[in-house]
**Q** 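Take a look at the following structure, please.
Below, read A as the first sequence line, B as the second, and so on, with proteins coming before strands; counting in each chain starts at 1. Nothing here was measured: the structure is a model prediction, and the numbers come from that model.
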Protein chains: 2
Amino acid sequence: MSNACAHHDHHHALAADTKSQRLAEAETLCAQAGERMTSSRLRTYELILEASGPIKAYDVIDRFHPQGAAKPPTVYRALSFLEQMGLIHRIESLNAFVACDTRDHPHAAGFLLCDCCGQSVEFAIPNVADIEVSATNSHFQIKHITLEARGLCGACRGHA
Amino acid sequence: MSNACAHHDHHHALAADTKSQRLAEAETLCAQAGERMTSSRLRTYELILEASGPIKAYDVIDRFHPQGAAKPPTVYRALSFLEQMGLIHRIESLNAFVACDTRDHPHAAGFLLCDCCGQSVEFAIPNVADIEVSATNSHFQIKHITLEARGLCGACRGHA
DNA sequence: GCGCGTTTGTTATAATATTACACCTCGCGC
DNA sequence: GCGCGAGGTGTAATATTATAACAAACGCGC
Ligand SMILES: [Zn+2]
Ligand SMILES: [Zn+2]
Ligand SMILES: [Zn+2]
Ligand SMILES: [Zn+2]
């Protein structure tokens with residue numbers, strides 16, 4: 001987490017077994033979709049899974065190789081692919097990326113984002129129908145909804 | 001509008017009299033808040049009002065002076081100020097800024113954004129209470145909600 | 001006029017993201 | 001097996017978005 005909270009530690013990163021399970025699921029998902037889960041894509045996804053919250057593209061770039069950074073297009077291309085597959089979500093208000101929490105890809109999602117420790121929580125957007133009504137009233141056809149709520153998580157609310 | 005739609009013209013820019021009214025209202029708002037509406041801030045607000053939709057920071061920078069661009073910090077400072085006063089909203093998914101449509105500042109707002117012509121429509125976020133419930137369930141305290149729905153406006157839906 | 005906090009000017013640089021083009025790799029038709 | 005074409009990758013350069021740091025000027029209360 002780039003915006004680490006100094007007051008305490010959070011341990012939201014995935015356990016190793018969960019991570020390899022997620023990687024395997026991703027391979028299956030791609031195979032079923034007739035897409036190729038290449039090594040760049042898998043490595044990018046792995047780094048996002050390892051992160052304890054939304055991670056910046058350049059943090060992925062820096063960690064990509066043991067011996068040195070990747071070139072930006074390598075990672076940005078992988079990020080686009082993973083986002084299209086629904087395996088990750090882009091957090092617009094942070095310019096960052098987070099692994100999707102669910103097993104149904106792709107889907108719309110809302111996020112709670114802690115301004116102190118950087119942790120994120122994915123949730124189902126409530127009342128999408130009401131947003132659609134606003135859109136219809138303005139003759140809009142919605143393709144994608146971004147919903148991001150910034151604030152403080154329970155742990156961080158304690159220490160101002 | 002930077003993402004201009006080639007198929008037709010939109011004319012959403014403010015009429016001159018409306019614009020000067022808005023500028024005057026902004027001066028009043030700042031005076032009442034004990035804040036200074038300086039010339040940089042007013043010029044930045046004017047350019048945002050003149051835009052026919054969300055406008056990028058660097059488009060403001062380029063148009064700032066008749067004879068040449070402003071320096072970035074000048075405009076970014078003004079944008080921060082205007083956003084804090086609630087006179088403009090930042091559109092996260094576009095890295096752009098749009099004048100607030102209402103007369104009560106500041107306030108949360110949702111946006112419908114046309115991917116074709118770039119036009120935006122501001123609307124009241126429906127069922128904020130339901131989002132708050134999701135937050136409470138996760139022990140989050142929300143400070144600010146970003147809601148941006150991307151899609152096609154009525155005019156642009158016609159020409160696929 | 002003086003002191004003090006705010007605002008601005010200026011330079012430089014950081015952080016985020018894309019374009020362009022050459023090459024490579026894989027699956028498919030033959 | 002071979003050639004072809006689509007999709008994927010490597011690489012260099014560049015575009016776009018945003019901030020840091022510090023000095024100078026300004027506005028207000030005294
Ligand atoms: Zn998800
Ligand atoms: Zn937190
Ligand atoms: Zn508004
Ligand atoms: Zn449109």
**Q** Tell me: CZ of A:Arg41 to P of C:dT25, nearest whole Å?
**A** 16 Å

**Q** Please state whether the phosphate of C:dT7, meaning OP1 or OP2, lies under 4.0 angstrom from any side-chain nitrogen or oxygen of B:Ser40.
**A** no

**Q** Does C:dA15 have its OP1 or OP2 closer than 4.0 Å to a side-chain nitrogen or oxygen of A:Asn95?
**A** no

**Q** Could you tell me whether the side chains of B:Glu92 and B:Thr146 share a donor-acceptor contact shorter than 3.5 Å?
**A** no

**Q** Applying the 5.5 Å / 30° rule, does B:Tyr58 stack onto the base of D:dT16?
**A** no

**Q** In terms of hydrophobic clusters joined by side-chain contacts under 4.5 Å, are B:Leu49 and B:Leu94 together?
**A** no

**Q** Look at the side-chain heavy atoms of Ile, Leu, Val, Met, Phe, Trp and Tyr, link any pair under 4.5 Å apart, and say whether A:Ile48 and A:Tyr58 land in one connected group.
**A** yes

**Q** Would you tell me if any nitrogen or oxygen in the side chain of B:Arg90 comes within less than 4.0 Å of OP1 or OP2 on D:dA18?
**A** yes

**Q** Verify the contact: side-chain N or O of A:Lys56 to OP1 or OP2 of C:dT16, cut-off strictly under 4.0 Å; return yes or no.
**A** yes

**Q** I need the CG-P distance between B:Leu79 and D:dT19, as an integer number of Å.
**A** 10 Å

**Q** Rounded to the nearest Å, what distance is computed from the CZ atom of residue A:Phe64 to the C1' atom of nucleotide D:dT11?
**A** 14 Å

**Q** Taking atom C1' of D:dG10 as reference, at what distance in whole Å does atom CD1 of A:Ile61 sit?
**A** 14 Å

**Q** With no hydrogens and no angle check, do the side chains of A:His105 and A:Glu25 hold a donor and an acceptor under 3.5 Å apart?
**A** no

**Q** Output the residues of residues 65-77 of chain B in contact with DNA chain C, where contact means a heavy atom of the residue under 4.0 Å from an atom of the strand; sort by number or write none.
**A** B:Lys71, B:Pro73, B:Thr74, B:Arg77

**Q** For DNA chain D, whose closest nucleotide is more 5', that of B:Arg36 or that of B:Leu94?
**A** B:Leu94

**Q** Which nucleotide wins on minimum distance to the side chain of B:Ala57, given the candidates D:dA18, C:dA17, D:dT9?
**A** D:dA18

**Q** Is a side-chain donor or acceptor of A:Ser20 paired with a backbone partner of A:Asp17 at a separation under 3.5 angstrom?
**A** yes

**Q** Strictly distance-based, threshold 3.5 Å: is any side-chain N or O of A:Arg41 a donor or acceptor partner for the main-chain N or O of A:Arg36?
**A** yes

**Q** Could you work out, with side chain to side chain contact (heavy atoms under 4.5 Å, CB included) as the rule, every residue matching B:Asn137, not counting sequence neighbours?
**A** B:Val133

